[in-house]
Trainee: 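First the structure, which I've put down as structure tokens, then a few questions once you've had a look.
For the single chain, residues carry numbers from 1 onward in sequence order. The shown structure was predicted, so the numbers you read here are calculated from the model rather than taken from an experiment.
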Amino acid sequence: MPSFTSAPYLTIGSEDNISFPAKTVSDLYYENRPGTRQAPTLSPHPTPSTASTRSKRSFSSDDSESSTSSHKRVRTLSFSKFSLYDYRSGQGVEAFLYPPNDLYIDKTRYIIDLPERFQCLVLRPPQFGKTMFLSALYHFYDVHGEQNFSQRFGHLAVTTEPSNPVPHSQHLSLFFDLSGTYVTSSCLHELSDSLTSEVSHTLTSFIEEYATELGVSNAEDYLDLEEDPEANLSKKLVESHGHTLFIGVDNYDAPIRKSIVNMHLHSNPDSVAISEIEGHIDSHFWRPLMAATAIIDKLYITGTLFVNYAALQNVVPNAVPSLHGAFGFTVDEALLFSQSVLPDTSNLTHLHQLCGNYTFSPSEPGHPVPAVINPRLLIDRLIGTSLSYVQDSFELLSELLNLMTEDSGFPAAVTVQGLIEVLATGGIDVGNAGPSCAFDATGAITWSALQFAGALAPDPQSNGIIGTLLIPNSAALLMIHSRVDNVVHDRYNLAFAFSSAWAYFSQGREAPLLEIFCRVFRDLSRKCFGKREPNLKGIVELIFRNTLCSLPGRTVDDVVFPPLESMMSTQVQVPACYTDKILTLKLTTLSLRGMWWGAHPNDKEPTAQALEVFHDELLTRKDDELLDMPYQVWSPTLNAMETRRVGSFFDSELPTNPHFLAVGGAHILLLRRP
């Protein structure tokens with residue numbers, strides 16, 4: 001029997017024993033590592049089990065696996081010789097990557113509530129478990145899985161949790177992987193040839209696999225590649241023999257995503273237009289496939305970035321509620337995974353802040369979608385995260401960031417300046433239209449691309465509604481800093497100025513630091529009229545965590561600012577110069593818009609031009625005049641807007657910690673004990 005292989009094209013098939021669809025610690029690092037191992041299943045209530053796994057794309061098991069294999073309980077792996085410090089210094093990593101037991105978090109419970117017929121498109125960042133779940137569906141619905149179903153799925157949630165058995169082993173299973181279909185030159189024939197090869201290879205293997213069910217002896221007799229092979233397959237074989245299909249399509253966005261990355265890297269003026277690539281894939285793959293929907297009972301499509309294929313216009317991304325929890329780790333799953341790897345997980349606190357806070361699907365009324373943790377970032381955390389590890393985990397994001405220009409003439413394009421504004425303001429407002437195309441017509445990167453590459457996520461307070469995107473965790477924050485730090489450093493001439501200013505501030509001289517804060521704050525405020533406004537926390541984030549502005553005597557890693565906090569008033573802790581002391585700074589930001597409403601309480605919503613004029617006026621005001629100006633702000637006590645004096649936002653007595661007050665993007669005042 002043919003079996004899945006990792007390259008160049010996949011063949012569809014099964015052997016006598018098919019493994020539980022599992023993803024291992026080592027597979028998270030080396031996706032196509034060959035070989036098989038025994039793998040106990042992890043679940044919030046672990047059930048003893050065994051399984052074997054090859055690579056992420058290997059859905060078949062080793063023939064030598066016996067149905068009478070002894071069951072093993074999940075056990076904690078011993079790393080007594082290697083402390084977490086050893087991992088961070090590069091020692092013991094091999095022992096961690098190649099443990100004696102692979103690990104698998106059981107997600108099969110999310111199969112239970114799937115409808116009898118479905119078409120779903122799942123978009124998630126890389127390594128969120130999309131292909132792993134596809135492998136589960138493939139084997140669960142495969143007619144060839146009936147004989148060994150109890151051995152494979154009998155101990156998993158899809159079998160043990162429902163009161164009535166979930167229908168299974170119903171369909172002929174067909175799997176396409178489009179990861180090898182893209183353009184590396186200016187010739188569309190390259191795309192056509194690779195697509196034809198993938199389709200031909202996959203369908204030939206499919207017919208060989210189900211020869212008995214389809215009553216055929218020679219697959220080539222049924223594939224006319226001059227016409228539509230998918231349509232011929234459905235008309236001549238599947239439908240005529242009374243069968244239906246489960247079809248999985250992995251990496252549906254690869255033809256567009258990889259082609260655009262290649263075009264940017266090689267700067268070829270004769271590159272094939274994005275619309276041509278999209279149209280070719282749509283006409284030669286998706287339209288023929290969707291024409292066979294009468295016999296496709298279940299269609300599961302995965303990808304990272306949204307592509308607007310015309311044939312898929314009725315397949316809404318992330319629209320199947322029962323699949324919301326199938327990808328990524330919940331906190332309980334992350335802790336279970338961690339406890340099965342490390343003997344001591346007491347330091348694994350704030351997992352969402354470190355590697356989570358991802359939501360991708362809109363919530364239903366009264367049923368908010370919980371945020372999940374990035375499995376790969378969790379692995380990084382377990383072995384000791386450094387920027388190099390983070391870049392490996394965010395390979396696609398790293399590619400996208402490197403393709404960005406500092407500025408662009410295209411309104412929809414994301415630029416380095418846009419990323420700077422995200423750090424300075426705390427997020428980006430993108431509206432509630434749902435996923436948009438990852439690239440515009442020119443191939444420029446959009447905010448949607450960054451979201452599904454893992455750099456941004458919906459505000460966790462918005463119940464999954466895609467309106468405001470925030471930086472979800474410290475790992476994503478590091479990645480964005482890696483792209484913007486040089487630009488910020490050079491633009492504001494921070495090299496020696498910041499180090500000396502912070503040293504002076506630690507000694508009681510505030511003027512140099514206030515000058516830097518004001519210079520950066522005013523410039524970014526002027527770039528953001530009519531948009532989200534910069535705040536003091538964002539300005540401190542841009543400067544203090546800038547890798548080129550390392551504090552004298554201390555490393556920048558000591559500066560940890562939680563990315564998700566109140567932006568109006570907050571406190572941050574920063575290392576003082578030349579001592580082990582930690583300074584606490586209180587930061588309060590009064591927005592330009594709030595200042596405008598305080599001065600114009602009866603006017604309509606201000607335009608960007610009106611805000612610019614008002615900002616120029618504020619620049620002329622002296623400090624004592626600013627303190628007496630009115631400011632309009634929401635009062636939770638009154639449940640309404642109220643007007644307060646600017647000076648009322650300073651403490652009535654000298655504060656214990658330095659208190660910075662930013663006013664309207666124009667001034668920064670400081671109240672500090674002598």
Trainee: Determine yes or no for a side-chain-to-main-chain donor-acceptor pair under 3.5 angstrom, with D485 supplying the side chain and T547 the backbone.
Mentor: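 Looks like yes, one N/O pair under 3.5 Å.
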Trainee: Working to the nearest 0.5 Å, report the span between CG of N308 and CD of E278.
Mentor: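 The distance works out to 6.0 Å.
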Trainee: So, the side chain of S448 versus the backbone of C437: is there a donor-acceptor pair under 3.5 Å, distance only?
Mentor: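 No; zero donor-acceptor contacts below 3.5 Å.
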Trainee: Would N251 and D177 count as a side-chain hydrogen bond (donor to acceptor under 3.5 Å, both in side chains) here? Give the steps.
Mentor: CA-CA 6 Å; N251 295 299; D177 180 7; 2.9 Å; yes
Trainee: Of all heavy-atom pairs between C120 and Y300, which one has the smallest distance, and what is that distance?
Mentor: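 Looking at all heavy atoms of both residues, the shortest contact is SG-CD1, 3.4 Å.
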Trainee: Nearest heavy-atom pair of F394 and M479: which atoms, and what distance?
Mentor: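 Where F394 meets M479 most closely, the heavy atoms are CD1-CG, 3.4 Å.
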Trainee: Please name the pair of heavy atoms, one in H489 and one in C549, separated by the smallest distance, quoted to 0.1 Å.
Mentor: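 Closest pair (atom of H489, atom of C549, distance): CD2-SG, 4.1 Å.
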Trainee: Got a donor-acceptor contact below 3.5 angstrom from the E533 side chain to the R593 backbone?
Mentor: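 Flag set: sc E533 to bb R593 pair under 3.5 Å.
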Trainee: Drop me the distance from F337's CZ to I379's CD1, to the nearest 0.5 angstrom.
Mentor: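 These two atoms lie 3.5 Å from each other.
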Trainee: Does M132 offer a backbone N or O that forms a donor-acceptor pair with the side chain of S135 under 3.5 Å?
Mentor: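 Yes, S135 side chain to M132 backbone: donor-acceptor pair under 3.5 Å.
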Trainee: Is it true that R491 and E406 make a salt bridge, defined as a side-chain N closer than 4.0 Å to a carboxylate O?
Mentor: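 Salt bridge: yes.
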Trainee: Please check: side-chain N/O of S194 versus main-chain N/O of E190, any donor-acceptor pairing under 3.5 Å?
Mentor: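 The answer is yes, because a donor-acceptor pair under 3.5 Å joins these two groups.
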Trainee: Can E421 and K527 be counted as an ion pair, charged N to O under 4.0 angstrom?
Mentor: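 No, no charged N to carboxylate O under 4.0 Å.
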Trainee: Evaluate F327 against F133 for ring-ring contact (aromatic ring centres under 6.0 Å, His included), listing each step before the verdict.
Mentor: CA-CA 8 Å; F327 314 99; F133 195 74; 5.6 Å; yes
Trainee: Where do M290 and L299 land on the side chain to side chain contact (heavy atoms under 4.5 Å, CB included) test, with the steps shown first?
Mentor: CA-CA 10 Å; M290 298 304 289; L299 176 63; 3.7 Å; yes
Trainee: Could you tell me whether E605 atom CD has more than 12 heavy atoms of other residues or ligands within 6.0 Å of it?
Mentor: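 Correct, the count exceeds 12.
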Trainee: I'd like to know if the side chain of E399 and the backbone of V261 have a donor-acceptor N/O pair within less than 3.5 Å.
Mentor: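 Between the backbone of V261 and the side chain of E399 there is no qualifying donor-acceptor contact (under 3.5 Å).
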Trainee: Might you point out which heavy atoms bring T446 and D440 nearest each other, and give the distance in Å?
Mentor: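 T446 and D440 have their closest heavy atoms at CG2-N, 3.9 Å.
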Trainee: Go through the steps to decide whether I281 and Y309 satisfy the test side chain to side chain contact (heavy atoms under 4.5 Å, CB included), and finish with yes or no.
Mentor: CA-CA 8 Å; I281 298 294; Y309 291 120; 3.7 Å; yes
Trainee: Using atom types as modelled and distance alone, determine if a side-chain donor or acceptor of T302 lies under 3.5 Å from a backbone N or O of V122.
Mentor: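 Checking the backbone N and O of V122 against the side chain of T302, no donor-acceptor pair under 3.5 Å is found.
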Trainee: Closest approach of R532 and C528, non-hydrogen atoms and distance?
Mentor: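 Shortest heavy-atom separation between R532 and C528 comes out as O-CB, 3.4 Å.
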Trainee: Do F128 and Y358 have their ring centres less than 6.0 Å from each other?
Mentor: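 Yes, the ring of F128 comes within the 6.0 Å limit of the ring of Y358, centre to centre.
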Trainee: Any sub-3.5 Å donor-acceptor pair from D253's side-chain atoms to G303's backbone N or O?
Mentor: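 Such a contact is absent between D253 side chain and G303 backbone.
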Trainee: Listed by chain and number, what are the side-chain contact (heavy atoms from CB on, under 4.5 Å) partners of I428, not counting sequence neighbours?
Mentor: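 Only V422, V430, W447, L456, L469 meet the side-chain contact (heavy atoms from CB on, under 4.5 Å) criterion with I428.
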Trainee: Evaluate the ring-ring contact (aromatic ring centres under 6.0 Å, His included) criterion for residues F176 and F285: first the C-alpha distance (whole Å), next the side-chain angles of each, then the deciding distance (0.1 Å), finally the verdict.
Mentor: CA-CA 10 Å; F176 294 96; F285 183 81; 5.1 Å; yes
Trainee: Can you give me the closest heavy-atom contact between R483 and L419, atom names plus distance?
Mentor: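 Answer, listing the atom of R483 first, then L419: CG-CD1, 4.3 Å.
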Trainee: Output yes when a side-chain donor or acceptor of D282 lies under 3.5 Å from a complementary backbone atom of A310, and no otherwise.
Mentor: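 Side chain of D282 to backbone of A310, a donor-acceptor pair under 3.5 Å: yes, one is there.
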